[in-house]
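The chains referred to below are lettered A, B, ... by the order of the sequence lines, with proteins before strands, and numbering in each begins at 1.
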There are 2 protein chains.
Amino acid sequence: MANERLIYLPLGGAGEIGMNAYVYGWGKPGEERLILVDLGVTFPDMDGSPGVDLIMPDISWLRERKDRLEAIFVTHAHEDHVGAVGHLWDELGAPVHARAFTAYHARAKLEEQGHPDRVVQVASAWPEQVQAGPFTVGFLPVSHSIPESSALVIDTPAGRLVHTGDFKIDLTPVVGEPFDRALWEDVAKDGVKALVCDSTNVFSHHPGRSESTLGPELEKLVESAPGMVVATTFASNVARVKTLAEAGERAGRSICLLGRAMRRMIEAGVETGVLRDFPKVIAPEDVPSLPRENVMLLVTGSQGERRAASAQLANGKYQGISLREGDMFLFSSKTIPGNERGVIRIMNQFSEMGVDVVDDHDGLYHVSGHANRPDLEAMHEIVRPEMLIPMHGEHRHLREHARLGASRRIRSEIVVNGMMMDLTGEVPVVADYVETGRTYLDGNVQIGALDGIVRNRIRMALNGHVTVTLIIDEEGDPLGEPWCELHGLAETGRSRAPLVDVLEEDLSQFVGRASRKVMADDDKLEQEFKKVVRRTALDEIGKKPEVTVIVSRLV
Amino acid sequence: MANERLIYLPLGGAGEIGMNAYVYGWGKPGEERLILVDLGVTFPDMDGSPGVDLIMPDISWLRERKDRLEAIFVTHAHEDHVGAVGHLWDELGAPVHARAFTAYHARAKLEEQGHPDRVVQVASAWPEQVQAGPFTVGFLPVSHSIPESSALVIDTPAGRLVHTGDFKIDLTPVVGEPFDRALWEDVAKDGVKALVCDSTNVFSHHPGRSESTLGPELEKLVESAPGMVVATTFASNVARVKTLAEAGERAGRSICLLGRAMRRMIEAGVETGVLRDFPKVIAPEDVPSLPRENVMLLVTGSQGERRAASAQLANGKYQGISLREGDMFLFSSKTIPGNERGVIRIMNQFSEMGVDVVDDHDGLYHVSGHANRPDLEAMHEIVRPEMLIPMHGEHRHLREHARLGASRRIRSEIVVNGMMMDLTGEVPVVADYVETGRTYLDGNVQIGALDGIVRNRIRMALNGHVTVTLIIDEEGDPLGEPWCELHGLAETGRSRAPLVDVLEEDLSQFVGRASRKVMADDDKLEQEFKKVVRRTALDEIGKKPEVTVIVSRLV
């Protein structure tokens, strides 16, 4: 019988930014005991997933093996690492381990979905460890853009693995633990079999900057502003929110948090003890009575999200507060690719109001939470792994990171979602290919990305939709004429007559000519009606609409 | 009676990037003789205009006054300046003036739409001038990213105007005329009433770079490549295409153009005489027989367009050519905001093939065609206008450009689409607000952006669609049960029964309970059916679909 083996299988995050979900296993082939690292989401867009609420990894493979799943470990509280825990936990049923701040959020997500929050167990930082079947797992603090981010030190019978989670190397992170190089070196000193490492910023060649470099610049900016100052950033970047609040406080401004996520994150920080000395905040209803130059708002919506506080302020009033000429709006953030249009829309709305918009185009008001290339090299140097497996990145990031590793003579392997790697030996070997993909949360239902449901929506959006109805009587003769309803189509076309009339006329003519055999065959009738509608529409308006045909037969 | 006046009225381009269309007029209020400068398009996206083919300015105001329109002047051949000439010309009917290269494209567009190409008159460069009613207009050469770009010198009874069109200040533009400062100074020396000036790059603080700086870097890159080299850029950037082709030629590579736009632009350049000494090109079918290291392809699709050559190569084969490990793909371009997802998709597809993707993130392989802030200041300095009117830009660009002008003590005015300005006096005054907007070309029909047609498509894409049919007999009783057809909706929801069954069951129950009065009233029935469907769907799947109700009454 085959020997026991160590496997690694990404179900999400390896081939994309977002939706992280990585499986590790140890045991005989097909009997490995498993752990899952992270269970995140990614966000839909109108191009590929209109109407969808959230995108999650397809965890069918793991669900079918849930009896072998020992535990779920969550590295940090960003949505792309913890966001699917509430929606997918009942399909897996394993205990969830996370540090306090992350656990706070995981619990909230489980509660929202009606699951017991006691499945979340709060873990302490390294050197404490959690036993999970054949794995012994420790949470090794690492700096990132959210409190209590952790790498996982995963001890296995085949050796030690280090799974970095998202990270940067920040010695002065404002909130939370500075990167502790000595501690990391100590963890690595007896050898690390594999470093599974964040890849998102591999194309950024400049050294990463510390969160703490922003304070002085932000203070200067806020002090220079004559009116109200409004700043937005990711609410989860608690350090940034604190830095912004302190800059406001030093400039003699009262701080007000706007947007649910902003208030929740600060509460979570205070409750879990990671955030101390946060400036006193005032309620939104107290803002209008203060001089504008004595107020600073910290608001959600750095990505231009339509319902967030920033977009609401750009539209007019939010919670009784409105901006005006002489105020300043600061994006202390970067725009995630794909979100440009939304952010630009807000910028222009503020411009129309006379509000000065400041962003990070000079690199003064934002730093990334991820390791740039020099920091990745530093990490390789510290851990000195036998093998490097780039994770969390699009294919181009994984490939570039693997090249970087190889250039430093580290055995490096591109492993994408669905590739099961056997890490037992000196050389990683592909053990299997597993079907993976995306599951959409649509309303409150899960649908598969390839079910055709969303594809149909996209088609209706691109082509418009025509419904054709016809009643056929007991003798098989049409009762009245075919009837069309149009959605999302021009009302008149080439012939200047209403499109609906032209369609109905052409369908009537078809019915007049159709044989009894065709009239008796619903499938054939549907096919022919679709042809007539598409041909006529193409001729009239230059488009081929989606067509639904409903034939009702009286019996 | 009121005196004659000089008016300026942007119908597109002032409040957005793209879709340029600017009206100038001279005469008694309401009787001004008019000219139109540029008639461009902008491009649709899935977020706001799914299924739409092109977006054009709403020119209703001008159409209603076409008897007063003397001429249309086109500054250069970019789609956002000339793209709507073919589609909208018959609504205006005026002669079109442009320089040879631009005229070549304007004629092609008119021909495509079946209009006579003789309406396009080829203009010579300044100092020649064209008379158009009270206006005398000259095409003053200016550097940009397409050949024969021109500013317009518009002499009016109220003084000289300079309308820059899109421009940069490039003394060594590779193809076409270098920026001729002395000539510009001469044009401006007797005073310029208003400078109407490109604003797109006002937020770029560094000095602009010349097209000619790219050659040496591109040569180095192409020479270093071991396999096939493929480069993409805007086809209309003839200078860039030439620089790329020459870099390939020097590296001993045969050049092949892929994509219709790429071949057409080079043809246009050669035919109109603006392009000389373009390297010899080979046909796509000759590529496979050559060693890969001896080939360079120049392809369309720098913005990730799905049907362009770059996307086709990323998908697999195009015209018998496919890329593989060791080849290089170069984006000699910048990604226009909103196109990131498409470009990134292609990059990852190439990464999966093992193709090295190079882009301009280090600023080596692309320069902008627009004037950065220092070049705008230089333009202000050269022209020394009495007033500055920023054009071509989003609101934030216009505002920043006006601030820049004001900081240099030039009277500067933010004028957005639909604001008619009276420029006659020393101070520009708002004369009127005109309704403007966007017209969609949808298939081959024009529809208004606010007609609700596209909004309906977006709603179907976000919410899915349900068609309900019910037949009511001669007595007013339902004949059979209500029937549902679903599009773009999950098949099952909370109750685990097919959604269509649950909907039909709830509708049946409603029909069973409904009064004869409701059953006799089509509007009421439609309203109630919609309510039932939305309530049930919300309960089952958490979504409120769009609903179409078709009640057929037998008579």
B/Glu546 CD to A/Met460 CE distance, which is reported to the nearest 0.5 Å: 9.0 Å

Top contributor to chain B interface from A/Asp45, A/Asp362, A/Thr469, A/Asn463 [non-hydrogen pairs under 4.5 Å]: A/Asp45

Most contacts with chain B, counted as non-hydrogen pairs under 4.5 angstrom, among A/Leu462, A/Asn456, A/Asn444: A/Asn444

Parallel, tilted or perpendicular, as decided by the 30° and 60° cut-offs, for the rings of A/His361 and B/Phe203: perpendicular

Max heavy-atom pair count under 4.5 Å with chain B, selected residue of A/His205, A/Glu485, A/Arg459, A/Lys544: A/Glu485

Interface moiety of B/Ile541 toward chain A, non-hydrogen atoms closer than 4.5 Å: both

Minimum heavy-atom distance between B/Arg457 and A/Ala461, given as atom pair plus value: CD-O, 2.8 Å

From B/His395 atom NE2 to A/Glu352 atom CD, the distance as rounded to the nearest 0.5 Å: 5.0 Å

Side-chain (B/Asn348) to main-chain (A/Glu394) donor-acceptor, under 3.5 angstrom: no

Choice from A/Asp473, A/Leu398, A/Val416, A/Val355 maximising heavy atom contacts with chain B below 4.5 Å: A/Val355

Non-neighbouring partners of B/Asp356 that pass side chain to side chain contact (heavy atoms under 4.5 Å, CB included), sequence neighbours left out: A/Arg399, A/Arg403

B/Ile458, part contacting chain A, at a heavy-atom distance under 4.5 Å: both

CZ-CG distance between B/Arg345 and A/Asp47, expressed to the nearest 0.5 angstrom: 7.5 Å

CD1-CD1 distance between B/Ile344 and A/Ile17, expressed to the nearest 0.5 angstrom: 7.5 Å

Spacing of CZ belonging to B/Arg341 relative to CE belonging to A/Met46, to within rounding of 0.5 Å: 12.5 Å

Per-residue contacts, residues 445-454 of chain B versus chain A, heavy atoms under 4.5 Å: B/Val445, B/Ile447, B/Ile453

Separation of B/Ile471 CD1 from A/Arg553 CZ (nearest 0.5 Å): 11.5 Å

Qualifying ring pair (Phe, Tyr, Trp, His ring centres under 6.0 Å) pairs, either residue in residues 441-467 of chain A, two or more places apart: A/His465-B/His465, A/His465-B/His487

Interface residue of largest heavy-atom contact number with chain A, from B/Ala537, B/Gly354, B/Ser351, under 4.5 Å: B/Ser351

Among B/Gly542, B/Gly443, B/Ser552, B/Gly488, residue most engaged with chain A (heavy-atom pairs, under 4.5 Å): B/Gly488

Residues in residues 489-499 of chain B that sit under 4.5 Å from chain A, counting heavy atoms only: B/Leu489, B/Ala490, B/Glu491, B/Thr492, B/Gly493

Top contributor to chain A interface from B/Leu538, B/Thr467, B/Thr335, B/Val343 [non-hydrogen pairs under 4.5 Å]: B/Thr467

A/Glu481 atom CD, neighbour heavy-atom count above 12 within 6.0 Å: no

Under 4.5 Å from a heavy atom of chain A, the part of B/Glu540 involved: backbone

NZ/A/Lys530: more than 12 non-hydrogen atoms of other groups inside 6.0 Å: yes

Flag, side chain of A/Lys543 to backbone of B/Gly51, donor-acceptor distance under 3.5 Å: yes

When A/Gly464, A/Gly338, A/Gly480 are compared by non-hydrogen pairs under 4.5 Å with chain B, the top option: A/Gly338

